[in-house]
Amino acid sequence: MTALDLHLTHLAHNLSVIRAKLKVDTRIIGVVKANAYGQGVVPIAKKLVDEGVTYLAVAYVSEGIELRAAGIRCRIMVFYPQPENFSALLHHCLEPALYSPSVWTQFSKIVQQNHIPDYPVHVKFNTGLNRIGFAPEDVNWLLEQQQNTSLEIVSIYSHLAASEESKPHSPTRLQWKQFEKIKAPLAAAYPKAWFHLLNTSGVFNYPEWQMDAVRVGIGLYGYANHPEWDCQLKSVAALRATIIQIHPLEKGDFVGYNHAWQAPKKGLVACLPIGHADGIGRQFGHGKGSVWIHGQQAPIVGNVCMDMLMVDVTHIDCQPGDPVIFFNADHSLIEWAQTANTIPYELLTGLSNRIPRQIHS
Ligand SMILES: *Cc1c(COP(=O)(O)O)cnc(C)c1O
């Protein structure tokens with residue numbers, strides 16, 4: 001059987017490591033977008049709420065609705081809401097990040113039509129990532145809205161492009177300076193608003209810029225984009241499977257689709273019930289990626305299939321039914337990501353819902 005074990009005690013550990021880097025009154029926004037980075041959003045979100053996280057954040061309105069449907073009542077920020085979803089967002093008491101005068105105006109209209117006073121919103125500024133956000137020049141426009149609006153600005157934020165790069169890093173410093181410039185007049189006009197800039201690697205690299213809140217995602221799940229920081233955290237997710245069949249191979253036998261691997265000598269190949277439909281992509285195989293069986297590494301061979309992959313176990317004494325580890329708190333996902341030229345974010349969020357999640361609290 002294939003399973004993704006979720007260790008909630010590791011989540012609590014990671015949260016406490018992050019908290020230890022912050023002042024006591026810095027708010028933590030727990031980022032649970034993309035199914036809590038592929039882990040399984042409901043148990044993760046519930047645990048974060050139990051652990052006293054101030055806010056949860058998701059990318060899209062549909063993700064917020066999923067949390068509400070699961071009975072999660074805490075405040076939820078939506079990073080990338082779109083006007084066609086604004087009514088649904090209101091209906092589920094989600095709080096949008098507004099990112100342009102046009103989006104602000106559209107949202108404001110819907111709030112007025114619904115006669116809601118002081119609807120909580122968050123304001124996102126672009127300071128150099130050039131992804132989404134108000135332009136720094138829009139500060140005056142925002143100040144003018146103060147008179148006649150039914151929106152209440154809860155927080156104002158920006159996002160760093162390279163918070164993990166080693167210091168000093170001038171483009172990152174420029175982004176911070178730009179944000180400080182934006183902050184001064186807005187903090188005066190909106191004294192209750194809180195300001196935030198940092199994601200996970202930002203917390204590790206620039207705790208001095210924590211301001212009133214931080215938005216942490218990957219760190220909660222045990223990764224922080226730098227070996228020195230990664231080693232302070234524990235992977236929440238652990239991926240395992242069991243061997244379902246073992247075949248003897250003669251020298252020269254081929255394995256898998258398109259004969260992509262040929263046995264260099266007499267040996268054994270084991271089939272595992274997990275494939276690219278589960279999130280172990282076709283970038284693996286061909287010498288990339290190996291699993292752990294009885295403490296030894298077995299390389300993935302040939303092309304990864306949709307539902308299966310094959311590993312070379314010539315050198316390992318093993319049987320069908322034996323356990324296989326892909327990654328866990330001791331066998332890092334980071335090596336997996338590196339061999340496949342990707343990052344933990346992509347590997348984790350790619351783990352499909354076909355893999356059953358087993359919660360360990
Ligand atoms: C995803 C996201 C985060 C979390 O980033 P991590 O690197 O996972 O901590 C923070 N802020 C914004 C705007 C995001 O989209």
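Order of appearance sets the numbers: ligands from 1, and atoms from 1 within every ligand. Positions are given from 1 along the sequence.
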field: Y37, any N or O under 3.5 Å of ligand 1 N or O
entry: yes
task: With heavy atoms only and a cut-off of under 4.0 Å, state how R131 meets ligand 1: side chain, backbone, both or neither.
output: side chain
Within reach of ligand 1, part of H159 (heavy-atom separation under 4.0 Å): side chain
message: With a heavy-atom distance limit of 4.0 Å, tell me whether Y80 approaches ligand 1 through its side chain, its backbone, both, or neither.
response: side chain
- prompt: Aromatic rings Y345 and Y37: how do their planes relate, parallel, tilted or perpendicular, breaks at 30° and 60°?
  reply: tilted
- request: Tell me which protein heavy atom sits closest to atom 7 (O) of ligand 1, plus the residue, atom name and distance to 0.1 Å.
  value: Y345 OH, 2.6 Å
- prompt: So F107 and F86, would you call those rings parallel, tilted or perpendicular, with 30° and 60° as cut-offs?
  reply: perpendicular
message: Let me confirm one number: the CH2-CZ distance from W209 to R173, rounded to the nearest 0.5 Å.
response: 6.0 Å
- request: For the pair H7 and H360, name the ring-plane relationship: parallel under 30°, tilted 30 to 60°, perpendicular over 60°.
  value: parallel
- prompt: With only distance considered, is I218 within less than 3.5 Å of ligand 1 through an N or O on each side?
  reply: yes
- request: Using a strict 4.0 Å threshold on nitrogen-to-oxygen distance, state whether E95 and R75 make a salt bridge.
  value: yes
- request: Provide, to 0.1 Å, the distance between atom 1 (C) of ligand 1 and the closest protein heavy atom, together with that atom's residue and name.
  value: K33 NZ, 1.4 Å
message: Would N199 count as a polar contact of ligand 1, with the cut-off being nitrogen or oxygen pairs under 3.5 Å?
response: yes
query: Between F327, F284, W292, which is the residue that forms a ring-ring contact (aromatic ring centres under 6.0 Å, His included) with W336?
result: F284
Ring center gap for H196 and Y55 short of 6.0 angstrom: no
task: Do me a favour and list the nearest non-hydrogen protein atom to atom 11 (N) of ligand 1 with residue, atom name and distance?
output: R215 NE, 2.8 Å
task: Report the member of L220, V216, T200 with the shortest heavy-atom distance to atom 9 (O) of ligand 1.
output: T200
